[in-house]
Number of protein chains: 2
Amino acid sequence: MKHKLLPLSETMHYILLALREPRHGYAVMQEIEKMSHGDVILAAGTLYGAIENLNKHGWIEPVGSEGRRRIYQITEEGSAVLKAEQERLLHIISLYEGSEANEKI
Amino acid sequence: MKHKLLPLSETMHYILLALREPRHGYAVMQEIEKMSHGDVILAAGTLYGAIENLNKHGWIEPVGSEGRRRIYQITEEGSAVLKAEQERLLHIISLYEGSEANEKI
DNA sequence: GTGTTTATTAAGTTCAACTATATAGTCAGA
DNA sequence: TCTGACTATATAGTTGAACTTAATAAACAC
């Protein structure tokens, strides 16, 4: 599953995590702020650009709309990417000696 | 500790991890290939550019040389960055429901 | 002595993420 | 009701990390 936008950037990663539930762009922005305890606040341009990009790659897809709002959700391919990303991160964390995650991968 | 090259890219992250031991550029390249089980193979341009950048930011420093080889090692500031990065990754992993790392952060 | 590995440098390209701005609807309070 | 804040999306232009490619050169094996 080699792909040009792997490894996932923090932006892409959080958007995919947020879209495990169907959400429109603005709601994704708010969910990410919440998930990250306010550490990650995406600018509008970054958010909508990334959504367009993820949609183009088939990792998320539109699943309806409410007025101006366009609702997206992660696809099966997107979920597979998330799973691979989780394993990549667990591997990197295992390289920190003394880490609580050691010996897990 | 807000910084322009945070969050750490995979490249920067592996280089810092490799330089917890003193190493020259080429040895860093090999260590990263080994650490990542061959998944991450840095091109020469990427590696030396990143080393220059990390040195400029004070996260690694030259600690001697052997002929053409210039040996670098992580600084205290670099170690602090690694620690922060570890925590960031553990937090993101905790967002995966059912993950073994859940409830750790 | 020819080819491979070691070791570093530099030029030029790509694209995600950024800033900044434009647009427009909704909604609360003065 | 009008003024500002919030909701919601879009787009133009900039920056810089990571990439490809290639040049240079020493050391070593065959």
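The chains referred to below are lettered A, B, ... by the order of the sequence lines, with proteins before strands, and numbering in each begins at 1.
Sorted by residue number, the members of residues 20-33 of chain B with any non-hydrogen atom under 4.0 Å from DNA chain C read B:His24, B:Gly25, B:Tyr26, B:Gln30.
The only option from B:Leu16, B:Leu17, B:Ile15 that meets the side chain to side chain contact (heavy atoms under 4.5 Å, CB included) definition with B:Leu19 turns out to be B:Ile15.
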Taking only nitrogen or oxygen atoms into account, show me every contact under 3.5 Å that the protein makes with nucleotides 21-26 of chain D, one pair per line with its distance.
residue, atom, partner, partner atom, Å
D:dA25, N3, B:Arg68, NH1, 3.4

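Remark: P of D:dA10 and CG of A:Asn55 are 11 Å apart, rounded to the nearest angstrom. Taking atom CD of residue B:Glu66 and atom C1' of nucleotide C:dT6, one finds them 13 Å apart after rounding to whole Å. What separates CE of A:Met12 from P of C:dC18 is a distance of 11 Å, to the nearest Å. The nearest whole Å value for the distance from the CG atom in A:Leu8 to the P atom in C:dA16 is 12 Å. Atom CG in A:Asn53 sits about 13 Å away from atom C1' in C:dT14, given to the nearest Å. Atoms CG (A:Leu6) and C1' (D:dA17) sit 17 Å apart, rounded to a whole Å. When rounded to the nearest whole Å, the span between CD of B:Glu10 and C1' of C:dA16 equals 16 Å. Spacing between atom CG of A:Leu42 and atom C1' of C:dT19 amounts to 14 Å, rounded to whole angstrom units.
Ion pairing of A:Lys56 with A:Glu52 is absent here, as no side-chain N (NZ or NE/NH1/NH2) approaches a carboxylate O to less than 4.0 Å.
Using a 30° and 60° split on the angle between ring planes, A:His91 and B:His37 fall in the tilted class, from 30° to 60°.
Of the possible donor and acceptor atoms, one in the side chain of A:Ser36 sits under 3.5 Å from a partner among the backbone N and O of A:Ile32. Side-chain atoms of B:Thr75 come within 3.5 Å of backbone N or O of B:Trp59 as a donor-acceptor pair. No side-chain donor-acceptor contact under 3.5 Å links A:Tyr14 to the backbone of A:Glu31. Checking side-chain atoms of A:Arg23 against main-chain N and O of A:Ala18 turns up a donor-acceptor pair under 3.5 Å.
One finds a side-chain N or O of A:Tyr48 lying less than 4.0 angstrom from the OP1 or OP2 phosphate oxygen of D:dT9.
No chain of hydrophobic side-chain contacts below 4.5 Å, direct or via other Ile, Leu, Val, Met, Phe, Trp or Tyr residues, connects B:Val63 to B:Met29.
Residues satisfying the side chain to side chain contact (heavy atoms under 4.5 Å, CB included) criterion with B:Glu76, sequence neighbours excluded, are absent altogether.
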